[in-house]
2 protein chains.
Amino acid sequence: MDEMDAAMALVEKWRSQSRKGFLDLCALSLLASRDESYGLDMMEALAQAGLEVSEGTLYPLLARMTREGSLSPSWTTPETGHPRKYYRLSPTGQLVLAAMREEFDRNVAALRRIEGGTR
Amino acid sequence: MDEMDAAMALVEKWRSQSRKGFLDLCALSLLASRDESYGLDMMEALAQAGLEVSEGTLYPLLARMTREGSLSPSWTTPETGHPRKYYRLSPTGQLVLAAMREEFDRNVAALRRIEGGTR
DNA sequence: CCAAATATCTTGCTATGCAATACATAATAT
DNA sequence: ATATTATGTATTGCATAGCAAGATATTTGG
């Protein structure tokens, strides 16, 4: 089936676009529920929840949010093991998360209205 | 409150990012429930549902989806009024919509898991 | 000492949202 | 007739995020 292949290719392209911004919300939400975490640990937790995120995506995201003031990182060198950079929400980050959640929920509600009875 | 302003500015920047891809899903969903519609009419319907979309956003989106094969447009000149370009879902577009819905729902479910009990 | 594991960071590419602007035609007012 | 407003669609340019691929650094095990 040719039609199917075309559709799948389109959706694959769409996938990475549709994650823009959404991953910010996921990362902030994760930190809100875990209090603090580091890169690889977050990757594993997100995957556990069903969301595969690569390093090339997550690390720039964490760097940006730190630069913007939503995250407060702190290096920690455990007695045994590799040094880790732990992130936690800053006060600004908590405000940002709350606003993002509101907006996201509004958008989902709008989508449901748009879908109308067609589901 | 300074902290609040910083957060609002960040969320404003985030907003347009978070709509990438999401608007594709909304447009396809709208056409699925309406069978056919034209640009300004879609803008109005989306706004009615709580989603403000500008022309500079919607028209390129419709042009792209047409180019990709998800939409089948057809010009219509009514007896009275301005010529309109009506869009409807192509067979490919219906497959794309179904796949997008699945993925979107999976992502929302993942987010809810990530949020855990913190809401 | 070398290889594998753990952990973080960088570069380059592609693609979308959106403000601003432009263009065209139909209806209405003067 | 003619100007103005309303309706309708399209384009340009910029900023920004996701991601594959690869680089870097440290710790541990053979």
Side-chain angles (χ1 to χ4, degrees), chain A residues 9-28 36-47 51-68 70-71 73-87 100 103 107, chain B residues 9-28 36-47 51-68 70-71 73-87 100 103 107:
Chain A
L10 288 176
V11 174
E12 202 160 326
K13 189 185 69 166
W14 170 80
R15 179 170 298 119
S16 81
Q17 292 298 326
S18 72
R19 282 160 58 116
K20 288 179 198 286
F22 180 69
L23 296 181
D24 292 30
L25 175 55
C26 291
L28 292 180
E36 76 172 8
S37 182
Y38 64 97
L40 287 188
D41 187 47
M42 293 179 71
M43 275 184 60
E44 197 186 339
L46 293 170
L51 208 79
E52 305 284 344
V53 182
S54 71
E55 298 137 24
T57 297
L58 185 62
Y59 284 112
L61 183 158
L62 293 171
R64 169 174 49 87
M65 285 187 139
T66 299
R67 189 189 336 122
E68 292 170 342
S70 292
L71 300 183
S74 64
W75 281 100
T76 304
T77 308
E79 291 135 18
T80 168
H82 203 273
R84 294 166 177 169
K85 197 172 186 176
Y86 277 87
Y87 293 91
M100 284 182 180
E103 174 106 6
N107 282 342
Chain B
L10 288 175
V11 174
E12 201 162 327
K13 189 183 69 166
W14 170 82
R15 178 170 299 121
S16 81
Q17 292 297 328
S18 72
R19 281 161 57 119
K20 288 180 198 286
F22 180 70
L23 296 182
D24 293 31
L25 175 55
C26 291
L28 292 180
E36 75 171 10
S37 182
Y38 63 97
L40 286 190
D41 186 47
M42 293 179 72
M43 277 186 58
E44 196 185 340
L46 294 170
L51 208 80
E52 304 283 344
V53 181
S54 72
E55 296 138 22
T57 297
L58 186 63
Y59 283 113
L61 183 158
L62 293 172
R64 170 173 49 87
M65 286 187 139
T66 298
R67 191 189 333 123
E68 292 169 343
S70 292
L71 301 183
S74 64
W75 280 100
T76 304
T77 309
E79 291 137 18
T80 167
H82 204 274
R84 296 167 175 168
K85 198 173 186 176
Y86 276 87
Y87 294 91
M100 283 182 180
E103 175 105 7
N107 283 341

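Proteins come first, then strands; the chains are lettered A, B, ... in the order of their sequence lines, and each starts at number 1.
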Within the structure shown, what part of the strands sits under 4.0 Å from B:Leu23 by heavy-atom distance: base, sugar-phosphate, or nothing? sugar-phosphate

What is the separation between atom CG on A:Leu40 and atom C1' on C:dA7, rounded to the nearest whole Å? 5 Å

Tell me, do A:Leu62 and A:Met42 make a side-chain contact under 4.5 Å, heavy atoms counted? yes

To the nearest angstrom, the CG-P distance between B:Asp41 and D:dG8 comes to 9 Å

Expressed as a whole number of angstroms, how long is the span from A:Met100:CE to D:dA17:C1'? 12 Å

Interface with DNA chain C, restricted to residues 10-19 of chain B and to heavy atoms under 4.0 Å: B:Ser16, B:Arg19

Between B:Leu51 (CG) and C:dC18 (C1'), how many Å, whole number? 14 Å

Starting from C1' on C:dT10, measure out to CG on A:Leu58 and report it in whole angstrom. 15 Å

What does the B/S/- profile of nucleotides 20-30 of chain D look like, 5' to 3', with a 4.0 Å heavy-atom cutoff to protein? BBB--BBSS--

The test is side-chain contact (heavy atoms from CB on, under 4.5 Å); show your working for A:Glu68 and B:Lys13 and say whether it passes. CA-CA 11 Å; A:Glu68 292 170 342; B:Lys13 189 183 69 166; 2.3 Å; yes

Pair A:Arg84, A:Asp41 - check salt bridge (Lys or Arg N to Asp or Glu O under 4.0 Å), show working. CA-CA 10 Å; A:Arg84 294 166 177 169; A:Asp41 187 47; over 6 Å; no

If you apply the rule side-chain contact (heavy atoms from CB on, under 4.5 Å), what do you find for B:Leu51 with B:Leu23, and how did you get there? CA-CA 9 Å; B:Leu51 208 80; B:Leu23 296 182; 3.7 Å; yes

Rounded to the nearest angstrom, tell me the gap between atom OH in A:Tyr38 and atom C1' in C:dC9. 17 Å

Are side-chain heavy atoms of B:Ser18 and B:Phe22 found at a separation under 4.5 Å? no

Hey, is the main chain of A:Val53 close enough, under 3.5 Å, to the side chain of A:Thr57 for a donor-acceptor pair? no

What distance separates B:Lys85 NZ from B:Leu71 CG, expressed to the nearest 0.5 Å? 10.0 Å

OP1 or OP2 of D:dA17 under 4.0 Å from side-chain N/O of A:Arg64: yes

Quick one: A:Leu61 CG to D:dT16 C1', roughly how many Å, whole number? 12 Å

Does A:Tyr59 have a side-chain nitrogen or oxygen under 4.0 Å from the phosphate oxygens OP1 or OP2 of C:dT10? no

Once you round it to whole Å, what is the distance between P of C:dG17 and CZ of B:Phe22? 11 Å

State whether the side chain of B:Trp14 and the backbone N or O of A:Gly21 hold a donor-acceptor pair below 3.5 Å, judged by distance alone. yes

Determine, stepwise, if the pair A:Asp24 / B:Gln17 fulfils side-chain contact (heavy atoms from CB on, under 4.5 Å). CA-CA 10 Å; A:Asp24 292 30; B:Gln17 292 297 328; over 6 Å; no

